[in-house]
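Each remark here refers to the structure printed beneath this line.
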Amino acid sequence: MNRFYVTTPIYYVNDAPHVGHAYCTVNADAVARWHRLRGDETKFLTGTDEHGQKVADAAAKNGVSPQEWTDRTSLRFREAWDALDVSYDDFIRTTEPRHFETVQKFLTQVYENGYIYKDTYSGLYCVSCEDYFTLEASDEGKCPVHGRPLTQMEEDNWFFRLSAFEDRLLEFYAANPDFVSPETKYNEAHAFIKGGLKDISITRTSIDWGIPVPWDDKHVFYVWYDALINYLTAIGYGRDDDEVQEWWPVSNHLVGKEIIRFHCVWWPAMCMAAGLDPVHHVQVHGWLLVGGQKLSKTMAAEGGVRLTDISPVLLTDEYGVDPIRYYLLRETALGNDGDFSLEGITARYNTDLANNLGNLVARVSTIVAGKCDGVGPLPQAEAPLRDAAQRAIADTTEAWNRFAPHHALEATWGLIGATNAYLENTAPWKLPAGDELRAVLGNALEAIRIVTILATPAMPSICQQIWERIGLTGSPTDGLVGDTAQWGLYQPTNPIVKGEPLFPRIKADS
RNA sequence: GGGGCCGUAGCUCAGUGGUUAGAGCAGGGGACUCAUAAUCCCUGGGUCGUGGGUUCGAUCCCCACCGGCCCUACCA
């Protein structure tokens, strides 16, 4: 039995979920669904990050307690994921007792291993930002954001001895060239380590909205330290339900490129410090850009992007869940930045979904209804379409296995194109009733059946619908893809259903 | 200041040290009529950002520059 553990970052609850969150989460979801389809025992974790100064501030600003604020905002994330058909197995909140327990166990271990020490943090502080800057990061001693002079501040902090892991991290990177992908992100992380690592402050005394340091109750852990450990909380690290041995060796983090440092440098070092192997794999994704600009809360606040237009829930209301999932997965190569636009959604929808897939199902259904009394004929063992199907199956499989949903869908759509072309060549609408006609339609239906299996990680609900329309019982997810995605297995038990268009075209002016 | 990324057909992007640089979409032409004015076939001379260098030969290697962007230690 293979296992597969995939995580998203836990999302920071100082604001509402937006498309950027959805992008990451839907990719993780599709990959998780693929692995379930392969028969892997799969665990898909997402959740919310609920500590830190910004959350406390956001709560205060809204006149509620931090706990109430996080309850409220965390719920919005779960609602968004429900709206997107996200099949997480576990939703973690960093304010949960289980997380307190794991964090304290984990960091106590690091402490006992001698990698945490107390020192005075002294740095340049910007009162407006309420944050420290290094001299290098500052604008010649002035705040790079506000331009006002930074003041020297001191605070007693506990420090993590990150510098002790420079060599071990470099060795680890050398020994694990697939640790981070895509390769450019691996290089980036590797280069950063080579550039030298400094110890980092991991606790705060200035706030109390956080997880207490077990050996020093004046301190709470800095939010990132607590946050990263969520990946271990969910598999029971340090608790009765400890399943770290089973899940950690097959762990995969899907993260945005801006948090490479935390996941590819700090986090493996922290694991090493606790006597644990680092996460198995970090898959980095790029950003969705709106009009070439980063899609972010900041931009929206400045009026650069209308936040209401990029709420995931509004998008699914407008275009449907599966089309949005398809767009997010298909439009941008995972690892690259991508354009996000309503025009792009419409284009993908009309061409790939309405014209290619939806129309294929419609035209085949109509001919079967008209010429075969609505009963789907069986495919041939040997058919011209068979090669196209096998190529699509192989390419799609390979792509999903390496975190490349865009390539997977491209490969699957290759079979849709081949099937449309096959229909042109065989012109079943001209054929008299008989074996030839039945063979052509059976082959086309078989291709459609295979498509629904291959595409179900991306569009679970539409694929189920198509499955039923072509007269099959059960679901595309019944059985393992290795067994079911093989030419020749189409065997309907129900009549073909013509039905309404699966994807009514979106008119250009709407 | 330091580190890194990107710049390829109208658009979005693939791609490789070597004869004619590719795909999808858009556009143009044709076919067909089963289908959601859908589908299928044909159609892509674009200084591969600019200027140098290495090389028998570079879009792909090196350097500089221009333009866009990211990280520099709490925004997917």
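Per chain, numbering begins at 1; letters A, B, ... match sequence-line order. Just so you know, these numbers use all the heavy atoms, side chains as well, and skip hydrogens, waters and symmetry mates.
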[N] versus [M] - spacing of their [atom1] atoms, nearest Å:
N	M	atom1	value
B:rG49	B:rU43	C1'	28 Å
B:rC6	B:rC75	P	24 Å
B:rC13	B:rU20	C1'	22 Å
B:rG46	B:rG10	P	8 Å
B:rG27	B:rU55	P	49 Å
B:rU47	B:rU8	C1'	12 Å
B:rA9	B:rA14	P	12 Å
B:rC63	B:rG68	P	22 Å

Please give, in whole Å, the distance from [N] [atom2] to [X] [atom1]?
X	N	atom1	atom2	answer
A:K371	B:rC34	NZ	P	9 Å
A:W429	B:rA38	CH2	C1'	12 Å
A:N356	B:rC40	CG	C1'	11 Å
A:H406	B:rG24	NE2	C1'	13 Å
A:L357	B:rU39	CG	C1'	14 Å
A:L431	B:rC32	CG	P	16 Å
A:L409	B:rG24	CG	C1'	14 Å
A:N157	B:rC74	CG	P	12 Å

Just call it for [X]: base, sugar-phosphate, or nothing, with non-hydrogen atoms closer than 4.0 Å on any strand.
X	answer
A:T184	nothing
A:K430	sugar-phosphate
A:I260	nothing
A:F503	base
A:P9	sugar-phosphate
A:A191	nothing
A:D352	nothing

When rounded to the nearest 0.5 angstrom, what is the spacing between CG in A:L415 and OH in A:Y422?
12.0 Å
Report all interatomic pairs (protein N or O, nucleotide N or O of nucleotides 10-17 of chain B) with separations under 3.5 Å.
residue, atom, partner, partner atom, Å
B:rA14, OP1, A:N336, ND2, 2.3

Under 4.0 Å between a side-chain N/O of [X] and OP1 or OP2 of [N], yes or no?
X	N	value
A:N420	B:rA38	no
A:Y222	B:rC74	yes
A:R363	B:rA38	no

If you check the [X] side chain, which of [options] turns out closest?
X	options	result
A:E424	B:rA76, B:rC34, B:rC74	B:rC34
A:R505	B:rU36, B:rA76, B:rC34	B:rU36
A:F262	B:rC74, B:rA38, B:rA76	B:rC74
A:T351	B:rU33, B:rC25, B:rA76	B:rC25
A:F192	B:rU36, B:rA73, B:rC41	B:rA73
A:A421	B:rC41, B:rC74, B:rA76	B:rC41

Ring centroids only, cut at 6.0 angstrom: are [X] and [Y] within range, meaning strictly under it?
X	Y	value
A:F44	A:Y5	no
A:Y12	A:W224	no
A:H51	A:F100	yes
A:Y319	A:Y349	no
A:F165	A:Y115	yes

Taking the side chain as C-beta and beyond, is there a heavy-atom pair between A:L423 and A:V440 under 4.5 Å?
yes
Within 45° of the axis and under 6.0 Å from the centre of the six-membered ring of A:F221, does NZ or CZ of A:R204 qualify?
no
Cation-aromatic face contact A:R348/A:Y326, 6.0 Å, 45 degrees
no
Does A:E188 or A:A418 map to a spot on RNA chain B nearer the 5' end, using the closest nucleotide for each?
A:E188
On RNA chain B, check which nucleotide each of A:A347 and A:G358 is closest to and give me the residue with the more 5' one.
A:A347
Side-chain-base donor-acceptor pair under 3.5 Å for A:N359 and B:rA35:
yes
Under a 3.5 Å limit for both distances, which nucleotide forms a Watson-Crick or G-U wobble pair with [N], could you say?
N	answer
B:rG57	none
B:rA64	B:rU50
B:rG24	B:rC11
B:rG1	B:rU72

Going by distance alone, is a donor N or O of one side chain under 3.5 Å from an acceptor N or O of the other, for A:S251 and A:H281?
no
Does the side-chain ring of A:W224 sit on the six-membered ring of the B:rC74 base, less than 5.5 Å centre to centre and under 30° in tilt?
no
In A:L445, A:L385, A:V364, A:N356, the residue satisfying side-chain contact (heavy atoms from CB on, under 4.5 Å) with A:T419 is A:L385
